[in-house]
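Counting starts at 1 for both ligands and their atoms, following the listed order. This one's a predicted model, so the numbers in the text were calculated from it and none came from an experiment.
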Amino acid sequence: MHIVITGGAGFLGARLARTLLAQGQLSLAGAAPRPISRITLVDRAAPPADLAADARIAAVTGDLNDQLAAPHAAFWREADAIFHLAAAVSGECEADFDLGMRSNFAATHALLERVRALGTKPVLVFASSLAVFGDSPEQPLPEVIVDQTLPTPQTSYGIQKFIGEQLVADFTRKGFVRGRSVRLMTVSVRPGKPNGAASGFFSGMVREPLAGLPAACPVPDSTPVAIASPARTIEGIVRAAEATDAEWGPRTALNLPSLATTVGDMAAALERVAGKAATALLDRAPDAAIMRIVKTWPGRFETARAKALGLTADPSFEAVIRDYVRENPDAVKLPGVA
Ligand SMILES: NC(=O)c1ccc[n+]([C@@H]2O[C@H](COP(=O)([O-])OP(=O)(O)OC[C@H]3O[C@@H](n4cnc5c(N)ncnc54)[C@H](O)[C@@H]3O)[C@@H](O)[C@H]2O)c1
């Protein structure tokens, strides 16, 4: 089986590739599992060294739009499954409208057109976002988002993700692709360096103090947040590819499970794991630009459809932090963190 991951050098794309390589096989849309012979990572950035060193990995480095404007490369034709994760992130899209339209809207459309032209009908999993739900005075979000809640995005990123979902749904309805869109929650704790996402501090406020570094926590304690760990998120993305059409159900995007928490509770969990020395490193100066984006996002979901697929939320944010500590021992420098 040949798999393509766009954004495959990014945080989730690389983790997805590692997960697929470790399991060695994949069942696509309910078919019998087949061994994974190759994973092609398409990204502007080069893949991490561990992936580059694996013989089953092929890296195609360059802008996705350029790749899709070029004549057919064989890997598109050979792809049994495409995980479309390449995207400009929320903060970048607010700061640079053209970047978001190019990377998130135009590239998604071009990818679907490429697949349509090939006639190969791969399973295509599209990483959408909880940012398709946006609160506004004219249209307040319900207290709890359910599977049937209508997206009302309030940011360029959210709009672009919602358009992507709709394109995936229509290309699927027309039989050009077997598309499944999953709405990812805010993924925390993200290892490595901060990125341009407005949600970046939800990881930074844990990752940096654990490394003994100061971190911004620029929104009030009461700010609600719908969190999922990297592991739970990848589980949802893989399950989307595996589900039979009947299990998957409607072409509408699927809300992945989330842990409903608040910034204050996250800080308290950090303190339980790493002590007051960790929370003392949090800089609580407010950032109006980040608050403007984050406050439109929902904090509480009921994800019956995901539950029926066997997907569950993380048990607690403390457990999420402990997973991060276990998985990233070299990134934890604060004394006394067990
Ligand atoms: N991490 C989260 O909290 C979160 C939440 C909701 C949705 N998502 C979505 O999940 C996906 C993966 O997110 P991530 O956290 O791994 O982000 P990331 O920034 O770590 O990875 C995205 C990758 O896409 C690549 N990329 C972006 N535009 C490209 C282009 N035009 N051509 C080629 N490569 C391009 C980047 O180089 C990067 O490696 C994205 O679609 C994102 O919108 C993430």
Should A88 be counted as touching ligand 1, given the test is an N or O pair under 3.5 Å?
no

Looking at T252, V146, L256, which one forms a side chain to side chain contact (heavy atoms under 4.5 Å, CB included) with R305?
T252

To check your reading of the model: name the closest protein heavy atom to atom 12 (C) of ligand 1, its residue, and the distance in Å.
L85 O, 3.6 Å

Within a strict 4.5 Å, meaning less than it, do heavy atoms of the R207 and P194 side chains meet?
yes

For atom 21 (O) of ligand 1, grab the closest protein heavy atom and report residue, atom and distance to one decimal in Å.
G10 CA, 3.4 Å

Within one Ile-Leu-Val-Met-Phe-Trp-Tyr cluster: F126 and V115, side-chain cutoff 4.5 Å
yes

Counting both backbone and side chain atoms, is some N or O of S103 under 3.5 Å from an N or O of ligand 1?
yes

Would you check the N or O atoms of A86, main chain and side chain alike, for any that come under 3.5 Å of an N or O of ligand 1?
no

Under a 3.5 Å distance rule, please check whether D80 uses its side chain to pair with a backbone N or O of H2 as donor and acceptor.
yes

Can you tell whether the side chains of E247 and R239 come within less than 4.0 Å, N to carboxylate O?
yes

For ligand 1, is Y157 a contact, meaning one of its heavy atoms is under 4.0 Å away?
yes

N104 side-chain N/O to Q160 backbone N/O, donor-acceptor pair under 3.5 Å
no

Report, in ascending order of atom number, the atoms of ligand 1 lying under 4.0 Å from any heavy atom of A9.
39 (O)

Does any donor atom in the side chain of S229 or D323 lie under 3.5 Å from an acceptor atom in the other side chain?
no

Under 4.0 Å, heavy atoms only, figure out whether ligand 1 is touched by the backbone of Q67, its side chain, both or neither.
neither

Check the hydrophobic clustering (I, L, V, M, F, W, Y; side-chain heavy atoms under 4.5 Å; chains of links allowed) and say if L124 and I3 are grouped together.
no

Hey, are D54 and R18 close enough for a salt bridge, meaning a charged N less than 4.0 Å from a carboxylate O?
no

Subset of ligand 1 atoms that lie under 4.0 Å from at least one heavy atom of S129
6 (C), 7 (C)

Which residue holds the protein heavy atom closest to atom 32 (N) of ligand 1, what is that atom called, and what is the gap in Å?
L64 N, 2.7 Å

Would you say the side-chain atoms of S128 and E165 include a donor-acceptor pair closer than 3.5 Å?
yes

Does R190 come within less than 4.0 Å of ligand 1, judged by its heavy atoms?
yes

Quick one: which ligand 1 atoms are inside 4.0 Å of a heavy atom on K161?
40 (C), 41 (O), 42 (C), 43 (O)

Under 3.5 Å, is there a donor-acceptor pair between the side chain of S203 and the main chain of G200?
no

What residue and heavy atom of the protein are closest to atom 13 (O) of ligand 1, and at what distance?
L12 CD1, 3.9 Å

Keeping the roles fixed (side chain from S199, backbone from T186), state whether a donor-acceptor pair exists under 3.5 Å.
no

Distance-only donor-acceptor check, side chains E138 and S136, under 3.5 Å
yes

Looking at A87, G13, A14, the heavy atom closest to atom 27 (C) of ligand 1 belongs to A87

Min N/O separation V89 to ligand 1 under 3.5 Å:
no

Nitrogen or oxygen of S128 less than 3.5 angstrom from that of ligand 1
no

Closer than 4.0 angstrom, basic N to acidic O: yes or no for R292 and E94?
no

For D43 and ligand 1, does the shortest N/O to N/O distance drop below 3.5 Å?
yes

Number the atoms of ligand 1 from 1 as they appear, then name those within less than 4.0 Å of a heavy atom of L184, with their elements.
5 (C), 6 (C), 7 (C), 8 (N), 9 (C), 10 (O), 44 (C)

What atoms in ligand 1 come closer than 4.0 Å to a heavy atom of G62?
33 (C)

Residue-level breakdown please: for A107 versus ligand 1, do any non-hydrogen atoms fall below 4.0 Å on the side chain, on the backbone, on both, or on neither?
neither

So which heavy atom in the protein is nearest atom 2 (C) of ligand 1, and how far is it from that ligand atom?
V187 CG2, 3.5 Å

Contact check, M185 vs ligand 1, heavy-atom distance below 4.0 Å:
yes

What is the closest protein heavy atom to atom 34 (N) of ligand 1, and at what distance does it sit?
R44 N, 3.1 Å

